[in-house]
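Here is how names work: the chains are called A, B, and so on, in the same order as the sequence lines, proteins then strands, and each is numbered from 1. These numbers were taken from a predicted model, which means no experiment stands behind them.
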There are 2 protein chains.
Amino acid sequence: MTAAELPQPHRTADVRRPTLNAVAARAGVGRGTASRVINGSPKVSARSRAAVEQAIAELGYVPNRAARSLVTRRTDSVALVVPDAETRLFSEPYFSEIIRGVSAGLAGAGMQLLLVLARDATEYARLATYLSAQRVDGVLMMAVHSDDTLPDRLEELAVPTVLAGRRSAAEPLGHVRADNAGGARVAVEHLLAGGRRAIGTITGPLDMDVARARLDGYREALRDAGLTADEDLIAPGDFTEEGGRAAMRGLLRRRPGLDAVFAASDVMASGAVLELRAAGLRVPHDVAVVGFDDSIVARHVDPPLTSVRQPLQEMGRTMANLLLDEITHRGTGHREVILPTELVVRESA
Amino acid sequence: MTAAELPQPHRTADVRRPTLNAVAARAGVGRGTASRVINGSPKVSARSRAAVEQAIAELGYVPNRAARSLVTRRTDSVALVVPDAETRLFSEPYFSEIIRGVSAGLAGAGMQLLLVLARDATEYARLATYLSAQRVDGVLMMAVHSDDTLPDRLEELAVPTVLAGRRSAAEPLGHVRADNAGGARVAVEHLLAGGRRAIGTITGPLDMDVARARLDGYREALRDAGLTADEDLIAPGDFTEEGGRAAMRGLLRRRPGLDAVFAASDVMASGAVLELRAAGLRVPHDVAVVGFDDSIVARHVDPPLTSVRQPLQEMGRTMANLLLDEITHRGTGHREVILPTELVVRESA
DNA sequence: GTCACCCGTGGGACCGCTCCCACGCGGCAT
DNA sequence: ATGCCGCGTGGGAGCGGTCCCACGGGTGAC
């Protein structure tokens, strides 16, 4: 790509590392046998195995990935793709925690994690070719939008792919998500149990499935309680604090008598709290607030937010496992895993 | 490593991608010429160049990284190492923002970013060998402690390395850091300008350079104002909220007349605020508080915290650039870059 | 005792690229 | 005309692994 025009770096410092040949020679065996030991083949005598293992230890031999992957056509690495535009939205533990889970899940299998932030649309579009060019064995994608076609392109190119969250209810690809609807439902049920009746909601961008699912949960809970989710109780947000403030402002204007709000993210909830305070309303006395994510913000908002926690790290780990499975046994079929959420009750509701 | 015992994945789907040979054949030139075009060598006639470029476009050719790096001994990828123990980092924009900067800095050079989270000490220790085994061209490290020797090992192994922050004032390796002392100084000057005179500080763990530097800045500011930084004005914290509370408690006990506090992190400042409130003191009326990091917490503390912002994304970008430079021109000498901080004034001081 | 078999083994043939050497060819000085 | 230079070029020789085929020697069946 553009690298072509750049000055070429030196060759790496010529501290030549021992090769498989060196190991074999030192162990007094052939390359084949040494290779077998390294790859755990059972068809090696105990004697040879011991000799090779000793040689490896003495020489500090580490296999050359490039050479290996040239012939095996595997790279032992997977990419985690994050549209850069989204990262600011979740400067939250979300990103980090999922990564930790993914990393933990991959480490056991000796896989490397390639982090790919797609800056703009052009770059994003090129990604499919890029990723499929024997660069990675599989792809994990975060924050996929409904209209995102990159996953489809990857599927066409036969690149194993697992998504964090789904694009729509009919997601054809394997993915892992939290029980968003269930979580939202529990949040609203908590508000209902607290005697609240005029419950509004601040949603995420409705072109995202997470946002829609959380809205669905909100609706279900109200319906089950015999209430109707009037349209003017629903204010669209965008997962940002400012969006939360604006949405709250709208809700207050339309429904002055509101006594509770379920926000589809803590960040929006924190915006809502700021706006409520500005309007002279007390939380939770006048208006109760529940957020979603149980992010660090939740604990630091005044009052601390009641929020729905998603098992982020486990989601990451599960994504890694699904992907590894898909890589190992092609065409296992795309599976979806839904992990349970948990309501963390604090002072805001 | 352990991968040896695992079941081996299939070979990648055999959608054989076009090779350089195919490109050369189609363009009617030799492999050498095709390679030259791809690598931007000037020694190619316009005619050949055009033919090759067309063939590349028609075939959708993308060079095989493994093959290339096998011979060049470069991988065109760098590792970002983060000790997993530093969960503290994860809860902040810190991590995400630096990554964004790093990613942006690397992208231009066609470099890949390998994310390596070291779970435990054993794994961390093995990292040096791991990273030096022609796996990456360079290493970026975050959250290095004073007693961390991994950087030294990497240097011995001739692996270009750049750190985020330094281990001590005598850091031999290239690194990028914020002007911690300067930032602290400005924070305290702001308190002085507000008429405060009995100014305490809550420090980070003093085995970390950041913490020491911020303490130094505090001292300098007081000294320049003709005040003395009595030892009982200095309370050691550990960058946690609870640590901040405890430190604040100690300060109040020793110095009931305190009228301001500079905390070396927002999280500690938020703890301090809680403690002040518990003691019946008002912020900023009775005691003004300034934090550090301008993290998301700062905006959500009540009252919102005045804080010192570090240019995280730029720090990431700078790290990437330093590393690229080190990779391209070996032995440029390890440089240090200090980026300016900025005081963000809110309501707490 | 002979033969078929199996197990462990060595090593050749690649994988797809870059590097570099040698070569052809036109233009310029001799 | 002859030589030399330098440019653009083709293609061989690896890079360090894995895969697989062929082979030696021990074993058991006949």
What is the distance, to the nearest angstrom, from the [atom1] atom on [X] to the [atom2] atom on [N]?
X       : N      : atom1 : atom2 : value
A:Arg49 : C:dG8  : CZ    : C1'   : 12 Å
B:Asn39 : C:dT18 : CG    : C1'   : 8 Å
B:Arg47 : D:dT9  : CZ    : P     : 9 Å
B:Arg65 : C:dC17 : CZ    : P     : 13 Å
A:Leu20 : C:dC15 : CG    : P     : 19 Å

Review point. Under 4.0 angstrom, heavy atoms only, what part of the nucleic acid is A:Arg68 near: base, sugar-phosphate, or nothing?
Key: sugar-phosphate
Check ion pair [X]-[Y] (N to O, under 4.0 angstrom):
X        : Y        : answer
A:Arg167 : A:Asp147 : no
A:Glu97  : A:Arg100 : yes
A:Arg317 : A:Glu314 : no

Please pick, from [options], the nucleotide with the shortest atom-to-atom distance to any side-chain atom of [X].
X       : options                : value
A:Arg31 : C:dG8, C:dC15, D:dT18  : D:dT18
B:Arg36 : D:dG11, C:dT9, D:dC15  : D:dG11
B:Arg73 : D:dC15, C:dG16, C:dA13 : D:dC15

Note: for A:Tyr61 and B:Thr33 on DNA chain D, the residue whose nearest nucleotide lies more 5' is B:Thr33
**OP:** Considering just the side-chain nitrogens and oxygens of A:Ser48, establish if one lies under 4.0 Å of OP1 or OP2 belonging to C:dG8.
**Re:** no
